[in-house]
Amino acid sequence: MRPPSYKSVVDELSRAIRSGELPAGSRLPTHRALAHERNIALATATRVYAELAAMGLVVGEPGRGTFVRALSGYDGLEPARDLPVPRLADLSFNQPLARGQGQMLRQALRKLAVSGEVEALLRQDPPGGRTHDRAIVARYLLDRGIDTAPRNVLLTAGTQQALDSVLRTLTRPGDVVAVDALTYPGIKLLASAHSLELAPIPVTAAGPDLDALDLLCRTRPVRVIYTIPTVHNPLGWVLDRAQRDRLVGIARSRDCLLIEDGTYAFLEAAPPSPLRTLAPERTFYVASLSKNVAPGLRFGFAVVPDSAVDGVVRALRAAAWGSPGLVTALATGWLGDGTVARLEKHRREDGTARQDIARTALAGMNLTGHPSSYLVWLGLAPHQRPDQVADVLARAGILVSTVDAFATGAHRPPALRLALGTPDLADLRAALLRLRNAIESIPPT
């Protein structure tokens, strides 16, 4: 009998995984066992698993073996939105909206429609935005502890574009970027797109291991440190002033640049000074109105040192120019009339209520999270594989994010991130109780 080809083995295993014949979490034969079963060379068996891993169907764990990955949930690249049952709750992504925001939008659009400058909204703003609009954002940032000139504020289509443009300006392929071992998935996508090396910083319950960061910066040519010091995604920490001073000191002594992500910072009512205030000469602050106003608004900004303004403007022009005029008009109008401040206060109160529900519904489980945020980091039992748990939850109608989305190093603790902001508040408790029951029903392996 003719031995099966390399490609036919890949096709057969991929069909079995996609059909559910090999469910998420299944341990596959060792490379040697697969070679023996299929009458192929050991190198060919290794190639089979490498291709399946590249397809996102399996994952290899040193010392444990090769496992089938879940095909639902959020794996750090694209969320798989199709579930095998009707969807009960999406806990994979935060899309918080306050009651009445639709009517607020109608009123804002009517106001724009009767304004004398409505035709100007059809013209292209300069990359980085008009000085008047940048000044409105600069005034708003005063409440975040950042005192900056409008020239240093560049408007973008969300935090991701701000982060992308800053990285384009600061780095070259092969540069080393220090990041928390668990962090915002968007930095991973950009590192891959720009051929950057991410160097993970071990994390503690209170923040990044700054001793490890100092050692990393002494032994590796770290170009940039990417950090989320206020309401970390996904772990929720807020670094205190001493930690911020130490972080800035490391960056200065090792001549590293800082990218400070302030996307969720508004959820902390009284945070310590931003890194941008402590080290304005080397800190690039990025944030948006996606979480405090609406994810579909796609309005963000980067606050950059004088020396980098022209470079970031060029990066914005090369990529997507910046925030569209109509979006900028809506956003700056709400910034100027106090709407954003009111929504941020509501988000803090709503986040606190959701955290209280989560801590009651999931009492006794391993939870980490900021007390007024929309994020919960849920530690799993050692025998519970995150991708397998995500698959079980998908079959219960619940979408979640697994540790794979956030991990930047080889160590991936068994954990899920729960985004609490999308379900209606009245439905959240039932969804979390169903999640708890589904997880506790998974037998030890």
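A 4.5 Å side-chain heavy-atom check between L275 and P229 finds at least one atom pair inside the cut-off. A heavy-atom distance below 4.5 Å is not found between the side chains of P274 and L141. The side-chain heavy atoms of L418 and L420, taken from C-beta on, include a pair separated by under 4.5 Å. Contact annotation: the side chain of L155 never approaches that of L316 to less than 4.5 Å [non-hydrogen atoms, C-beta and beyond]. V403 is listed as a side-chain neighbour of W377, based on a closest heavy-atom distance under 4.5 Å. In this structure, the side chains of T230 and Y264 stay at 4.5 Å or more apart for every pair of heavy atoms. The shortest side-chain heavy-atom distance between P208 and L239 falls under the 4.5 Å cut-off.
In this structure, R417 contributes its side chain and T402 its backbone to no donor-acceptor pair below 3.5 Å. A donor-acceptor contact shorter than 3.5 Å is absent between the side chain of K188 and the backbone of T183. Looking only at distances, no side-chain donor or acceptor of R429 sits under 3.5 Å from a matching main-chain atom of I357. The backbone N or O of A265 lies less than 3.5 Å from no partner atom in the side chain of E268, so there is not a single donor-acceptor pair. With hydrogens and angles ignored, the 3.5 Å screen pairs a side-chain donor or acceptor of S253 with a backbone N or O of I250. Proximity of a side-chain donor or acceptor of R276 to a complementary backbone N or O of G145 within less than 3.5 Å is not detected.
Other residues, nucleotides and ligands contribute more than 12 heavy atoms inside 6.0 Å of the CD atom of Q107. By the 6.0 Å contact criterion, CZ on R359 is enclosed, its count of non-hydrogen atoms from other residues, nucleotides or ligands being greater than 12.
Taking the charged nitrogens against the carboxylate oxygens, D245 and R241 do have a contact shorter than 4.0 Å, which makes a salt bridge. Note on R15 versus D11: no salt bridge recorded, every NZ/NE/NH1/NH2 to OD/OE distance being 4.0 Å or above. Between D424 and R99, none of the side-chain N atoms (NZ, or NE/NH1/NH2) sits under 4.0 Å from a carboxylate O, so this pair counts as no salt bridge.
Nearest heavy-atom pair across S288 and T263 is OG-CG2, 4.4 Å. Between H383 and I442, the shortest heavy-atom contact is NE2-O, 4.0 Å.
Sequence neighbours left out, the pairs with a member in residues 193-210 that pass side chain to side chain donor-acceptor pair (under 3.5 Å) are D164-H194, E197-R220.
Between the side chains of S165 and R168, no donor-acceptor pair of N or O atoms lies under 3.5 Å. For T277 and R244, the side-chain atoms include no donor-acceptor pair closer than 3.5 Å.
One finds the CD1 atom of I439 at 4.5 Å from the CE atom of M365 (value rounded to the nearest 0.5 Å). Distance check: R342 CZ to K345 NZ gives 11.5 Å after rounding to the nearest 0.5 Å. Separating the NE2 atom in H232 from the CG atom in L375 is a distance of 10.5 Å, to the nearest 0.5 Å. Note: R172 CZ to L170 CG = 9.0 Å, rounded to the nearest 0.5 Å.
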- Message: Pair R254, V222 - check side-chain contact (heavy atoms from CB on, under 4.5 Å), show working.
- Response: CA-CA 8 Å; R254 308 302 172 195; V222 174; over 6 Å; no
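The one candidate from Y285, Y226, Y184 that meets the side chain to side chain donor-acceptor pair (under 3.5 Å) condition with D261 is Y226.
Relative to the ring axis of F266, R347 does not place its NZ or CZ within 45° and under 6.0 Å from the centre.
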